[in-house]
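Whatever order the structure lists ligands and atoms in, that order sets their numbers, starting from 1. Heavy-atom basis, side chains included; hydrogens, waters and symmetry copies ignored.
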Amino acid sequence: MKNGTCWLDDRGLPIQAHGGMILLHEGTYFWYGENKDAPTTGASVPLMGVSCYSSQDLRSWRHEGIVLSNRPDDPSHPLHPSKVCERPKVLYDPKNRRFVMWFHADSRDYALAMAGCAVADSPTGPFRFLGGQAPNRRDCRDMTLFQDPVSGKAYLVHSGDWNKTLYFSELTDDFLGFTGVCYPAMADQEREAPALWYQEGLYYAVTSGCTGWEPNSALYSVTPQLSNGMKLMDNPCSGPGYRRTFGAQSSYIFEIGGKPHILLDHWKPEDLKHSGYSILPMTIEGLWMEIAWREEFEGV
Ligand code: DGJ
C-alpha cells in the first residue's frame, strides 16, 4: 500500500477509519476509526459513526460496517450528525469479555470537549453508547487509550485545559469509568494527537502541535514513570517532509512482529473522506526514537 494515499477496502471503497487505531485480537487485526463518508463543508463532515475493518495481513481490509452508529433521530444526542466523534480507541477487557471504546465527543465548535464511552460483546460491535463525561471534571479533546503493561492500569490520555496540558486519567479495572487518579504531563506545551508506547522501562508519547487539519512537527517525549517527568525530546521523523510529519498527524502506535509501528492520518481538509494513511516502522532505543519515511507499507 502506498503510504500517504487513500487506502481501499475489500469493496474498493476508501477506508473510513480516520483518527483510528489497530487492535490485534485472537489473530485478527481490527482497525477502528472515524467514518467521514460525507461531503466536507467548512472543513468538517457530519458525524457518521465509527467504522471497523478486519484483516489478517494489514493489507487487505474487510469492511465490518459501522460499529458505533450515529443518531440522526435525536438532535440532542452526542452522536447526532451535527456533533463530533473523533479518535475512537478500543480496549479488550478479558475479565468481562467486552470491548470498551472511548472517543472524543464534542459539539461542532469543539467547545463541549467530553469523553464518550461505548461497549460491545464482539470486536465488530455493535457498540452501545454509555454516555459522555468530562474526565475528572477536565476537558477532553484529542485522546487515546493506553494500557500500561507494567501495572495493567489503563488510561484515557487526553489533551485538556484547552489543549495546554496532556492528562493521563486512570480508568477503573473494567475500563468504563475513572478512578480519580490523574497525572498531568507537558503543561503549557499544547500538544495533541497523542500516541503512546512503552518499552524497556520507558514510556513514550508521540504528539502533534495544534494546527487543525494542517500538518506540523511531531515531537516525542519520554518518561520513566507515567506520574511525572514526561520530557519533550525531539522530532522523531526523518526523510522527505520530516518537518511536518510527512504531511500527516499521529494516531496510534501498535506492534507488528514485535516492532512498534505508527499509524498516521494524512488529512485532506477540503475532502476529509479521502484523507490518506501511512503505517511506518519506528526505531526506539532508550531516549532515541526515529520514524523514517517509507513509500510503501507491506503489511505482515
Ligand atoms: C486536530 C485534531 O488532531 C483532529 O483530531 C481534529 O480535531 C482536528 N484538529 C479538527 O480541526
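Taking the ring centre of Trp102 as origin, the terminal cationic atom of Arg87 falls outside the region bounded by 6.0 Å and 45° from the ring axis.
Aromatic pair Tyr203/Tyr198: centroids less than 6.0 angstrom apart.
Residue pairs satisfying the side-chain hydrogen bond (donor to acceptor under 3.5 Å, both in side chains) criterion with at least one member in residues 111-133, sequence neighbours excluded, are listed as follows: Ser122-Thr124.
Taking a 6.0 Å sphere around OH of Tyr92, one finds it holds more than 12 heavy atoms contributed by other residues, nucleotides or ligands.
Protein residues with any heavy atom under 4.0 Å from ligand 1: Glu86, Arg87, Tyr110, Asp142, Glu192, Gly212, Trp213, Gln249.
Considering OG of Ser169 and OH of Tyr155, their distance stands at 10.0 Å, rounded to 0.5 Å.
Screening Thr245, Ile253, Leu264, Leu280 against Ile291 for a side-chain contact (heavy atoms from CB on, under 4.5 Å) leaves a single residue, Leu280.
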